[in-house]
Amino acid sequence: MTTAVDIGTLIVRTPGTCGGRPRIAETRITVENIAIDFNAGLTPEKILDEKPHLTLAQIYGALAYYYANKDQIDADIAA
């Protein structure tokens, strides 16, 4: 039996870690990193191939966070 994952636990912000930017919990992979890869044309599955320590759920969680906060994250990427 699989344990359900609360998607609200997939992305965290911690002052002093990754500049306080949103990141995948228990990693140093920021939502920006995932968004940059995705916007460069990588599918979530390809991102997983490049970052096999992540799960597909974590990648989709980062993408959901990105799209919910797209204007701010795009501005941070551009800066």
Side-chain angles (χ1 to χ4, degrees):
M1 185 166 161
T2 309
T3 303
V5 175
D6 177 357
I7 63 168
T9 64
L10 295 175
I11 305 299
V12 297
R13 291 180 92 132
T14 308
T17 302
C18 297
R21 294 186 308 270
R23 62 185 172 84
I24 296 173
E26 300 180 22
T27 75
R28 295 185 62 80
I29 305 294
T30 64
V31 170
E32 286 179 21
N33 294 139
I34 299 298
I36 289 167
D37 288 347
F38 186 73
N39 289 336
L42 295 180
T43 65
E45 292 77 9
K46 281 293 191 187
I47 295 170
L48 181 62
D49 288 343
E50 292 190 359
K51 296 171 175 49
H53 61 285
L54 298 179
T55 66
L56 202 51
Q58 289 173 310
I59 294 166
Y60 276 107
L63 290 171
Y65 188 97
Y66 168 61
Y67 279 104
N69 301 281
K70 190 172 185 318
D71 291 341
Q72 180 60 52
I73 293 172
D74 283 343
D76 291 344
I77 291 170

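None of these values were measured; they are calculated from a predicted model.
In this structure, the separation between CG on Asp37 and CD1 on Ile47 is 5.0 Å, given to the nearest 0.5 Å. Expressed to the nearest 0.5 Å, how far OG1 of Thr27 lies from CD of Gln58 amounts to 6.5 Å.
Between His53 and Ile29 there is a side-chain heavy-atom pair separated by less than 4.5 Å. A heavy-atom distance below 4.5 Å is not found between the side chains of Leu10 and Ile24. Side-chain contact between Arg21 and Val31 is absent, with no heavy atoms from C-beta onward closer than 4.5 Å. Between Thr55 and Tyr60 the shortest side-chain heavy-atom distance does not fall below 4.5 Å. Residues Pro44 and Leu56 are in side-chain contact: their nearest non-hydrogen atoms beyond the backbone lie under 4.5 Å apart.
The side-chain contact (heavy atoms from CB on, under 4.5 Å) test with Ile34 singles out one residue from Asn39, Ile11, Ile73, Leu63, and that residue is Leu63.
Listed for the Arg23 side chain is no donor-acceptor partner under 3.5 Å among the backbone atoms of Arg28. Proximity of a side-chain donor or acceptor of Asn33 to a complementary backbone N or O of Thr30 within less than 3.5 Å is detected. Side-chain N or O atoms of Thr43 include one that pairs as donor or acceptor with a backbone N or O of Lys46 at under 3.5 Å.
A chain of hydrophobic side-chain contacts below 4.5 Å, direct or via other Ile, Leu, Val, Met, Phe, Trp or Tyr residues, connects Ile36 to Tyr65. Cluster membership for Leu54 and Tyr67, using ILVMFWY side-chain heavy atoms within less than 4.5 angstrom, is shared.
For the side-chain hydrogen bond (donor to acceptor under 3.5 Å, both in side chains) test, residues two or more places apart in sequence or in another chain that qualify with Asp76 are Gln72.
Other residues, nucleotides and ligands place more than 12 heavy atoms under 6.0 Å from the CG atom of Asp49.
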